[in-house]
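The structure appears below as structure tokens.
Since the structure is predicted, the reported quantities are computational estimates derived from the model, not experimental observations. Note on naming: letters A, B, ... go to the chains in the order of the sequence lines (proteins, then strands), and numbering restarts at 1 for each one.
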2 protein chains.
Amino acid sequence: MELKKILEDKSKESWEIYLPNLSIDCVVFGFHDATLKVLVLKMKDSLVWSLPGGYVLKEESINDAASRILKVRTGADDIYLQQFRIFGNLNRSEDFFKDYPDTLWHKQRFVSIGFYALVDFSKVIPKVDELSTNCEWKSIEELPEFMMDHRFIFDKALATLRKQLVHKPIGYNLLQEKFTMPELQKLYEIILGKKLNRGNFYRKMLRYDILNKLDETRKGGAHKAPDLYSFSIEKYRKALKNGLNENW
Amino acid sequence: MELKKILEDKSKESWEIYLPNLSIDCVVFGFHDATLKVLVLKMKDSLVWSLPGGYVLKEESINDAASRILKVRTGADDIYLQQFRIFGNLNRSEDFFKDYPDTLWHKQRFVSIGFYALVDFSKVIPKVDELSTNCEWKSIEELPEFMMDHRFIFDKALATLRKQLVHKPIGYNLLQEKFTMPELQKLYEIILGKKLNRGNFYRKMLRYDILNKLDETRKGGAHKAPDLYSFSIEKYRKALKNGLNENW
DNA sequence: TTAATATTGCTTCATAATGAAGCAATAACT
DNA sequence: AGTTATTGCTTCATTATGAAGCAATATTAA
């Protein structure tokens, strides 16, 4: 069925069950193959991509709404979610729906709540829905063109991640349970947007005393097998309270 | 006129001009007398206090709405404003308006956008409106009892301030143009919630190279007159980009 | 007029953290 | 068995921090 018809059908129900004027957009981050990835989807009949999103039920908290929306999209429960900003300018969606009748739910003025999500890449199975033809991971280095202000929303999410790296368990939520020091460093480098000295990163991470060194190595790659680590989650959380790097 | 009547009168107009279900609450910080203060107000017929707030016009961006709301409340233009969080749980305001008819604008389920504002204390003149009997500064050490979840909103605002101290021009916006090193230190101590070593704070601030030392001292107090400083705003902003304290 | 006082400006010294570099160990490949 | 790139971890020079203190000084009290 074509998009226009579907939207008009859904529109009727939407007015009944959702809070008007309020939407949620999620930037879902995953880490795989030494690359930071984002979950994007393409709507039917659209040339550009969008971020996963949805609306808030009339009797639902904002956080529950975001969880529900991502559950459908990824199949995963217990996703680490953080709201990071409101996108409330006028005319955010005007152009996109200009050919639709004014009574269409989607054509309202929406104020969107931006969430970012951190997921274990291996545990997510991207799912299309009746509105979309594609749902897939894209490297943040090679993002496609986005609809509306979704590129701006992504940029703000990444900037937030950068600033929160010392305050939120970002490594913990993006990496698999067992990971190597080079993987952790690569993740930090991508989020911070710069190369870090290997030896110094190693020394610093150990000094934070937030990692457990496991009695295993990651075999299989070429060259020397790196040691595996896991987070000592209690120590990690405790360290984050004051900020990993902050020394006043 | 009693509150109930006023609310019912205003309610009719509100449905016409505002976006439904969406409100703004502002935590306005000022610094005076070596104390961090917050602007609070008391509604007519209410025993508890509230944060300044309001609604978003149908044809108005979120940031414009927050500016407009604070302009009315403080008389000040160009207030430094940051949205920091959404408060979107159910039943945020249910109890407060339980005796009112369901068609009352204020009785809707509201999702509130939390802003914090940083103002030069000396440039603000708190103003009551037709809904309120008091509008005044309170020290954050001696906050009164708040309505609804406003205490929670305040706590989150202060926690945000703490985390953003290295990334946002918080000192610049809270202090007067000319200030002394002990004033700056006191502000940092209050926001961080801990005492800092005087000599080390002094050395560190100078090393950041964000201050201009002026050829004046603050006379009048007892004891040695402290030197006056101003921010070198270009250098300050540049330093904040990487975070004042962050060394990866 | 002078002394007392608390505060401020700034330095010193010991300790800790960082930047840059490198060496030995090693898993996979030839 | 030798080659290679990567990893684990250390060293050394430099810089930052923590703790302490000394001299300067604006006001107040004597």
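Taking every side-chain heavy atom of B/Lys204 into account, D/dT17 is the closest of C/dG9, D/dT4, D/dT17.
The NZ-P distance, from B/Lys195 to D/dA20, rounds to 16 Å in whole Å. We find that CE of B/Met181 is positioned 13 Å from P of C/dT11, with the value rounded to whole Å. Separating the CE atom of A/Met205 from the C1' atom of C/dA17 is a distance of 15 Å, rounded to the nearest angstrom. In this structure, B/His223 places its NE2 atom 13 Å from P of D/dA26, rounding to the nearest Å. Atom NZ of B/Lys194 is separated from atom C1' of D/dT17 by 13 Å (rounded to the nearest Å).
Taking 3.5 Å as the limit, the base of D/dG8 and the side chain of A/Arg203 contain no donor-acceptor pair of atoms between them.
Salt-bridge annotation for A/Arg151 and A/Asp155: present, with a side-chain N of the basic residue lying under 4.0 Å from a carboxylate O of the acidic one. Look at A/Arg92 and A/Asp25 and you find a salt bridge, because one of the NZ, NE, NH1 or NH2 atoms lies within 4.0 Å of a carboxylate O, short of that distance.
Mapping B/Arg198 and B/Arg207 onto DNA chain D via the closest heavy atom, the residue that lands nearer the 5' end is B/Arg207. Looking at which nucleotide of DNA chain C each of A/Gly220 and B/Asn200 is closest to, the 5′-most match is held by B/Asn200. The 5' end of DNA chain C is approached more closely, in terms of each residue's nearest nucleotide, by A/Asn197 than by the other of A/Asn197 and A/Lys219. With DNA chain D read from its 5' end, the first of the two nearest nucleotides for A/Ala225 and B/Arg218 is the one closest to A/Ala225.
Among the heavy atoms of the strands lying under 4.0 Å from B/Gly199 is at least one base atom, whether or not backbone atoms are also near.
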* Asked: Between B/Tyr236 and B/Tyr208, does a ring pair (Phe, Tyr, Trp, His ring centres under 6.0 Å) hold up when you go through it step by step?
  -> CA-CA 8 Å; B/Tyr236 191 14; B/Tyr208 286 152; 9.2 Å; no
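The distance from atom CD1 of A/Ile24 to atom CG of A/Leu51, rounded to the nearest 0.5 Å, is 13.0 Å.
Between B/Lys224 and C/dA6 there is no side-chain polar atom (N or O) within less than 4.0 angstrom of OP1 or OP2.
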